[in-house]
Amino acid sequence: MMPAAASGTTARPRKTVYLGHPLAEPPPPELLAILERHRGRSDVLVTVLQQIQAQYGYLPERSVRYASRELGIPLARLYGVATFYNQFRFTPPGRIQLQVCCGTACHVGGAPAIVERLKAHLQIAENQTTPDGIFTLQTVFCVGCCSLAPVVIASGAAHGRMTPGGAESLVRDLGAAEEGRP
Amino acid sequence: MRSTIKVGTSTCGLATGAEATFRALQEAVSETGLAVSTQRTGCLGACHREPLVEIVVDGAHMLYGPVTADRARALLEGHFTLHGAPPPPEDWVVSRTPDRRDYAFFAPQVKVTTANCGVIDPLSLEDYLAAGGYEGLRRALAMSPEAVVAAVTDGRLRGRGGAGYPTGLKWKICRSQPDPLKYLVCNADEGDPGAFMDRTLIESDPHRVLEGMIIAAHGIGARWGYAYVRAEYPLAVKHLEAAIAHARDAGYLGTDILGSGLDFDVIVKEGAGAFVCGEETALMHSIEGRRGTPRMRPPYPAASGLWGHPTNINNVESYASVPSIMTGGAEWFSSLGTCESGGTKTFALAGAIQRTGLVEVPIGVSLRQVIFDVGGGIRDGRSFKAVQIGGPSGGCLPESLLDTPVDYGPLRATGAIMGSGGMVVVDDTTCMVDLARYFLSFTQDESCGKCIPCRIGTRKMLGILTKITRGEGDTADLDRLQKVARTIHTTSLCGLGQTAPNPVLTTLRYFEDEYAAHIHDRHCPAGTCTALR
């Protein structure tokens, strides 16, 4: 919507269109609920980001901006914290998050071969999501199941004593179950 | 007849399908109409036989494993001889005694901090109380704070996180600070790859950790406690939070604990996936909601920690040892270990070994006893090559050093460290140069980037090691590695950097021939390095 040109003959066409402040609306209720819980406390920054990510699956830019405004924390500080820790992501993850454990026991047990096989099967690199939005592939350092190495975590469930072939068929099964779902 | 079926459902059990086993057993129980209760427990430590199922009938114990879901029905019918079913096959049986010492994995172990793990329901306060829980707290509250600190000092408890600082001394320093507001932190940011002692302890017996923290709060005079748990351990967070809620309801946390006038409460903080946050100053920054970068010490946290107040930071296992010191006495506790350090130590035994799992042994037994007596030696008929202890801060020790006692001093003398307790055994199919490169890729990835030696140095070392594993190394590379390693060790800001060269230095010291084979013969003896096949 172009604003009506001001009266007078010297009015030049505007180069940008002002759509209002991006945060002019109040935060959505689910975000507000998270922020309200932590208002006025000094030890909550990481927790707030964790809860926003738990809500949306990632950190949407607008939510982080809202958090900054509502909690009075400079945006730069929030961004600094969010980029420091491995847990936080700024893009939506796939519906199934695959984490291949690359801890010591898993490494000597053959985790690198599993990662290579999954990369080839899904045709994505690490920390990427398949184009259909089903799988995100990550490597993590030790999930604490070393006695069952190598371990692959799919949507939070750990699968022990994995092999490259076993991991591939696990992903195949999960993918088949996920097809056709909304 | 009172019968209980216990299924170990901590993370390691779940990874082998314990949840399905538990459901199948419940179904089988209701179908057969047996008067048996089913119960979830934590981890007994014998992860190599999971899923583990223990059936207790009138005090007679039988431990079976692995019991997969499809074996559940047969196990139940066999154990209770329903419909004339034959008893379960002999190879399903792990142990027939209550103390499980008839199984070679358990026989040499001395369970103190893990005594309840896999035995009680971690979500039940009643179970913990029935197992003698919070008795240590009662005794501690009857003592003066000074006497509590003295008991821990006399028990010769040393920090189980790896550095081995005497716990009693740490408490004393923190206690003596004039600031009336003191904090307590439980470091459960178990980041070492290859270590899962803290996860098992919190998942299987969270009240013991809490009890230790409350006793510490009494000794130090702390008002608030934080438990900083790794984000990768969701079940541990859940169990600890449940335990805190139960303890609060029962009056073990909150104001005027057990009528003693002690006020103390615990808040759980989840980590966000940064290895460096296991370092105490970085951990405190993370709790304060900042980037988890370490800072210069002194001032030590005991003088100036969270928000500038005196803060006592101990590892999960250190806190979990404290209740036993109170109930068993400092003299008994110190007699378990060596003259330098008392008590027991848990180790996460993993790798190319017969019996993997969580083990607890008195401090001072030899590495050989842990690996061969408890762990049963190398699997698949291969031969022992090295044991990696202490994770990325530790080192790789060869067979000739297997008689080294597991104690802080002797292990440090070999170039490794006691560490938090990760013990990964490798056989002749593992290339030591590749293993060193693996650890460097880890530390390089996890370096926070604040100080230059660690940020640039680990990158340089990783580059040289990668070059060697590709078969492009030259003789000068070994000198270069040593030089960079020394620089990183002496000039890094925190423990992560200072200990990062250890895996490289120990492999250079004990497995130099493998480096030489890579460089001179362009050959990888273990056949791991793909470029040199």
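Residue numbers begin at 1 in each chain, while the letters A, B, ... track the order of the sequences.
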Taking atom NZ as the centre, does B:Lys450 end up with more than 12 heavy-atom neighbours from other residues, nucleotides or ligands that are less than 6.0 angstrom away?
yes
Does A:Thr129 reach the side chain of A:Phe135, with side-chain heavy atoms less than 4.5 Å apart?
no
Assert top hit (heavy-atom pairs under 4.5 Å, partner chain A, pool B:Met197, B:Lys269, B:Glu50, B:Glu288) equals B:Lys269
Within a reach of under 6.0 Å around CZ of A:Arg39, are more than 12 heavy atoms found that belong to other residues, nucleotides or ligands?
yes
For B:Arg230, which atoms come within 4.5 Å of any heavy atom of chain A: side chain, backbone, both, or neither?
side chain
Using 30° and 60° as the class limits, which term best fits the ring planes of A:Phe141 and B:Phe442: parallel, tilted or perpendicular?
perpendicular
Please tell me if the side chains of B:Leu201 and B:Cys117 come closer than 4.5 Å, counting only heavy atoms from C-beta onward.
yes
When the 4.5 angstrom heavy-atom criterion is applied to B:Glu446 and chain A, the contacting part is side chain
Where the side chain of B:Ser204 meets the backbone of B:Cys43, is there a donor-acceptor pair that is under 3.5 Å apart?
yes
Salt bridge (charged side-chain N to carboxylate O under 4.0 Å, His left out): pairs with one or both residues in residues 118-128 of chain A, sequence neighbours excluded
A:Glu116-A:Lys119, A:Lys119-A:Glu126
Is there any residue in residues 103-112 of chain A with a non-hydrogen atom under 4.5 Å from a non-hydrogen atom of chain B, and which ones are they?
A:Gly103, A:Thr104, A:Ala105, A:His107, A:Val108
For chain A, the option from B:Arg290, B:Glu232, B:His48 that forms the most heavy-atom pairs under 4.5 Å
B:Arg290
Has A:Gln128 got a side-chain atom pairing as donor or acceptor with A:Ala125's backbone, closer than 3.5 angstrom?
yes
Set out, in order, the CA-CA distance, both residues' side-chain angles and the distance that settles side-chain hydrogen bond (donor to acceptor under 3.5 Å, both in side chains) for B:Asp192 and B:Ser420, then state yes or no.
CA-CA 8 Å; B:Asp192 282 1; B:Ser420 56; 3.2 Å; yes
Go through the atoms of B:Ala195 and report whether side chain, backbone, both or neither lie under 4.5 Å from a heavy atom of chain A.
backbone
Salt bridge (charged side-chain N to carboxylate O under 4.0 Å, His left out): which pairs involve residues 127-153 of chain A, sequence neighbours left out?
none
Please report the closest heavy-atom contact between A:Ala158 and A:Ile153, naming both atoms and the distance.
CB-CD1, 4.0 Å
Given that the side chain runs from C-beta out, which part of B:Ile353 has a heavy atom under 4.5 Å from chain A: side chain, backbone, both or neither?
neither
Under 4.5 Å to a heavy atom of chain A? For B:Thr528 that would be neither
Interchain contact, B:Val276 with chain A, by part (heavy-atom threshold 4.5 Å)
side chain
By a 4.5 Å heavy-atom criterion (distance strictly below it), what part of B:Arg199 contacts chain A: side chain, backbone, both, or neither?
side chain
Measuring only between side-chain heavy atoms, which start at C-beta, is A:Arg161 closer than 4.5 Å to B:Thr16?
yes
Counting only non-hydrogen atoms closer than 4.5 Å, does B:Phe439 touch chain A with its backbone (N, CA, C, O), its side chain (CB onward), both, or neither?
side chain
Which atoms of B:Cys431 come close to chain A, meaning under 4.5 Å heavy atom to heavy atom: side chain ones, backbone ones, both, or neither?
neither
Residue pair A:Phe84 / B:Ser286, side-chain heavy-atom distance below 4.5 Å
no
Output, in order, the C-alpha distance, side-chain angles, deciding distance and verdict of ring pair (Phe, Tyr, Trp, His ring centres under 6.0 Å) for A:Tyr79 and A:Phe90.
CA-CA 10 Å; A:Tyr79 187 74; A:Phe90 293 100; 5.7 Å; yes
Which of residues 49-77 of chain A have a heavy atom under 4.5 Å from any heavy atom of chain B?
A:Gln50, A:Arg77
Could you check whether any side-chain N or O of B:Ser447 sits under 3.5 Å from a backbone N or O of B:Thr443, counting only pairs where one atom can act as donor and the other as acceptor?
no
